[in-house]
Amino acid sequence: MLSEEAKRGVRNLRADFERGGINLCSGKLDQVNTLNIEISQLCREYNENIVMDPGTVDIYPSSRIPRNLHYLVKPIHRSVSLITKDLSGSRGILKEKGFRITTDPQTVSSVLQFSSDDEVRKMVYIRGNSVPQANVDVLKRLISARHELAQIMGCSSYTEFSIKPNMALSPKVVMSFLLEMSKMVKPKTREEHRLLTKFKREKCGQSDGDLRPWDETYYMTMMKSSAYKLDASVVGSYFSLSNCIEGLKVLVQSLFGATFHSIPLAPNESWDPHVLKLSLHHPEEGDLGYLYLDLYSRKGKYPGCAHFAIKGGRRISQTEYQLPIVALVCNFPGSQNPSAVRLNHWEVETLFHEFGHALHSLLSRTDYQHFSGTRAVLDFAEIPSNLFEYYAWDYRVLRKFARHYSTGEQIPQKLVESMQGARDMFAATELQRQIFYALVDQTLFGEQPLPHGDISSVVAELKGEHTNYGHVEGTHWETRFSHLLNYGAGYYSYLYAKCFAATIWKKLCEEDPLSSTTGFALRTKFLQHGGAREPDALLNDLMGDGIYRYHDGGIVPDISCLCNEMKLVEEYPMEVHL
């Protein structure tokens, strides 16, 4: 009597209960419940430590900090003794001005990008990657608790427990994929590293000298700027927040024939007065769902950008459907006037990424909330968000909404081509970084005990093997890499999604990204099903054969489109095994 979705719902519900230990004896179930509470508390403690102990570095004199970074730092003073030149030999006291840099991730990123002082960058890098010290122990206990939980559940490791429901199915499949990706990208990253080292030596007037981890971002930024004459303020002048919101409206109108309408909020409905509420409306189908936009930074707000499903869609009866309600939360700085806020292009890409998640939820038409929108297996749920990042880079899309904030001039095609060129300059190095993060995630939550017993030693070894930089003694960046909490043993999902999205873009969207035909295929064969159908069946329906292959019982994405996009196959064909 049950539909296929209902049968899948029953199977998933049973699996969810069993992952909670319902089938265990009372003693073991108590252990599972205690461990789950402990894991939750450790995750909260880890995040609280990041907020409470961001670290600081004091820099003297103040002239070492460029003016464009003054908004990030706090003026400080120290007393300096001076011996006077008169015969008395008396000492004078001088107040010397300096700056205190709080080494939170955003500030560290800005300093590494814009400070020309090698020593300042080094100090900020080391401090920013050495806090919070308390999380060294928290992470150790989290790994231990997750491993104990997995073993009670009959798994050899937390990675096995975590990956079992996903497309990949097993840690063996994931590690095989990651190692293949690492091998594929290595030759081009070495070439990028060689060019960056050469560039540094030329700028510093040196014939030798290695590239250090705190040099990478600074010289990459300088090299991109030198090659493409890009000015961040010029790029940002075309991306006012109001323009970018128009861009989201262009996407839904062109692809799905739908429109966003602002609707008033009921009393006490909003958690902040600057939150906007939009309805997604289709001329034939009526309202499809509701989207809250909470876009501005404020004290005490959830950091970063994210999509939250407030209410999932579900079928109430043959004639009634509960519409999905979602929130898109960002932390854009500046005024509360969207016309005055100008985004850098990285923020535009992030907005489109999160909007991909929101569309997955808003266009979902599942019978059960359990499968609504992004409520799918982890290594499938990130595909729409990665796909919509492509729309933030395509000139045919950008020209529809990216206009100069004061003149109304359409963004020039040459500027977009320069942005794309700068993005591609070190794309292999960025991909290698993501592979390294995923390998760290898999290894830390893999079989225990860890190879060297010490987390930082394991991370250092992986860094030496899978990046072009050595470990800096005393640092432990993993103590504020919060993806280890939210995506424990699942960080590889971003790379799975990147490969799947590259194939979908190339074979379905690239020719005419805003066509209604493209939108119809994306909606009816992919987005509207949420997690209600098997991921491989959805991918097959959308793209046909070849988008994935089976390996040791699990599903692995085809990497050829991503390789071609990044020119990895053409330049290094002998290094890639497809």
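Just so you know, these numbers come straight off a predicted model, no measurement behind them.
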After noting the C-alpha distance and the side-chain angles of L293 and F355, does the key distance pass the side-chain contact (heavy atoms from CB on, under 4.5 Å) rule?
-> CA-CA 10 Å; L293 292 177; F355 188 62; over 6 Å; no
For D294 and H274, does a side-chain donor sit closer than 3.5 Å to a side-chain acceptor?
-> no
Under the 6.0 Å and 45° cation-pi test, does R315 pair with Y368?
-> no
Whether T443 side chain and L439 backbone form a donor-acceptor pair below 3.5 Å | yes
Determine, using ring centers only, whether W271 and Y292 are less than 6.0 Å apart.
-> yes
Can you spot which of Q432, H466, R433 makes a side-chain hydrogen bond (donor to acceptor under 3.5 Å, both in side chains) with T189?
-> Q432
Does any non-hydrogen side-chain atom of L351 lie less than 4.5 Å from one of C330?
-> yes
With side chains defined as the heavy atoms from C-beta onward, is the minimum distance between R375 and H370 less than 4.5 Å?
-> no
Measure from the ring center of F388 to the ring center of W505 and say whether it is less than 6.0 Å.
-> no
Test Y494 against every option in Y496, Y491, Y492 by the ring pair (Phe, Tyr, Trp, His ring centres under 6.0 Å) rule and name the one that passes.
-> Y491
Between F500 and the options L542, L539, D558, the side-chain contact (heavy atoms from CB on, under 4.5 Å) test singles out L539
Between the CG atom in L295 and the CG atom in N331, the distance rounded to the nearest 0.5 Å is 9.5 Å
Exercise: do T429 and E192 side chains pair donor with acceptor under 3.5 Å = yes
Could you point out which residue of D137, T479, N135 forms a side-chain hydrogen bond (donor to acceptor under 3.5 Å, both in side chains) with N49?
-> N135
Any Lys/Arg nitrogen of D545 or R549 sitting under 4.0 Å from an Asp/Glu carboxylate oxygen of the other?
-> no
Just by distance, do the side chain of T159 and the backbone of P171 share a donor-acceptor pair under 3.5 Å?
-> no
Can you check whether C305 reaches V329 side chain to side chain, under 4.5 Å on heavy atoms?
-> no
Quick one: pull up CE in M181 and NZ in K183 and give me the separation to the nearest 0.5 Å.
-> 14.0 Å
Gap between atom NE2 of H529 and atom OG of S372 - 0.5 Å precision | 13.5 Å
Hey, are E565 and Y390 close enough side-chain-wise for a donor-acceptor pair under 3.5 Å?
-> yes
If only atom types and distance count, is the side chain of S170 paired as donor or acceptor with the main-chain N or O of I163 below 3.5 Å?
-> no
Chi angles and distances behind the side-chain contact (heavy atoms from CB on, under 4.5 Å) call for I126, T475 = CA-CA 6 Å; I126 290 175; T475 61; 4.3 Å; yes
Exercise: identify the closest heavy-atom pair between H147 and S157 = ND1-CA, 4.0 Å
Look up atom OH in Y158 and atom CG in L142, then write down how far apart they are to the nearest 0.5 Å.
-> 8.0 Å
Give a yes or no on this: more than 12 heavy atoms of other residues, nucleotides or ligands lie within 6.0 Å of atom NZ of K498.
-> no
Carefully, step by step, assess R365 and L288 under the rule side-chain contact (heavy atoms from CB on, under 4.5 Å).
-> CA-CA 9 Å; R365 283 302 175 269; L288 301 176; 3.5 Å; yes
Given ring-ring contact (aromatic ring centres under 6.0 Å, His included), test Y46 with F481 step by step and report yes or no.
-> CA-CA 10 Å; Y46 183 102; F481 187 59; 9.2 Å; no
Judged by atom type as modelled, is there a donor-acceptor pair below 3.5 Å linking the side chain of S361 to the main-chain atoms of A309?
-> no
Atom pair OG (S270) and CG (L276), whose distance is rounded to the nearest 0.5 Å | 9.0 Å
To the nearest 0.5 Å, atom NE2 of H360 lies from atom CD of Q528 at 10.5 Å
Take L495 and L431, measure what side-chain contact (heavy atoms from CB on, under 4.5 Å) needs, and give me the verdict at the end.
-> CA-CA 9 Å; L495 292 163; L431 180 59; 3.6 Å; yes
Is it true that D541 and K525 make a salt bridge, defined as a side-chain N closer than 4.0 Å to a carboxylate O?
-> no
All side chain to side chain contact (heavy atoms under 4.5 Å, CB included) counterparts of R14, not counting sequence neighbours = E18
Distance-only polar pair, side chains of S385 and H357, donor-acceptor under 3.5 Å = yes
C563 to M184 - nearest heavy-atom pair and separation = SG-SD, 2.9 Å
Distance-only, no hydrogens or angles: does the D441 side chain make a donor-acceptor pair with backbone N or O of A489 under 3.5 Å?
-> yes
Could you check if a side-chain atom of P557 sits within less than 4.5 angstrom of a side-chain atom of F177, using non-hydrogen atoms only?
-> yes
Short side-chain to backbone donor-acceptor contact, D454 and S457, under 3.5 Å | yes
Checking Q448 side chain against L444 main chain: does a donor-acceptor pair fall under 3.5 Å?
-> yes
Stacked cation flag R314 on Y321, 6.0 angstrom / 45 deg = no
Write down the atom of G474, the atom of S130, and the distance for their closest heavy-atom approach.
-> O-OG, 3.4 Å
Got a donor-acceptor contact below 3.5 angstrom from the E354 side chain to the H307 backbone?
-> yes
Donor-acceptor contacts, no H, no angles, side chain residues 20-42, under 3.5 Å, sequence neighbours left out:
{"from": "N33", "atom 1": "ND2", "to": "L29", "atom 2": "O", "distance (Å)": "3.4"}
{"from": "T34", "atom 1": "OG1", "to": "D30", "atom 2": "O", "distance (Å)": "2.8"}
{"from": "N36", "atom 1": "ND2", "to": "V32", "atom 2": "O", "distance (Å)": "3.3"}

Salt-bridge present (E5, R8; N to O < 4.0 Å) | no
Over all atoms of both residues, closest heavy-atom pair of L522 and C509 | CD1-SG, 4.3 Å
Relative to Y469, does R212 satisfy both conditions: NZ or CZ under 6.0 angstrom from the six-membered ring centre, and within 45 degrees of the ring's axis?
-> no
Examine the side chains of E465 and S182 and answer whether a donor and an acceptor come within less than 3.5 Å of each other.
-> no
Can you name the closest pair of heavy atoms from A376 and A381 and give their distance?
-> O-CB, 4.3 Å
Answer yes or no: is there an ion pair linking K277 with E269, defined by an N-O contact shorter than 4.0 Å?
-> yes
Nearest heavy-atom neighbours spanning P54 and T103 = O-OG1, 2.7 Å
Check: K172 main-chain N/O paired with S176 side-chain donor or acceptor under 3.5 Å = no
State plainly whether the residues E148 and R141 are in salt-bridge range, i.e. N to O under 4.0 Å.
-> no
Would you say the side-chain atoms of E160 pair up with the backbone N or O of S156, donor to acceptor, closer than 3.5 Å?
-> yes
Do you know which of T56, V108, V111 makes side-chain contact (heavy atoms from CB on, under 4.5 Å) with I101?
-> V111
Please find out if less than 6.0 Å separates the ring center of W346 from that of F352.
-> no
Please say whether more than 12 non-hydrogen atoms of neighbouring residues, nucleotides or ligands are located less than 6.0 Å from CD in Q106.
-> no
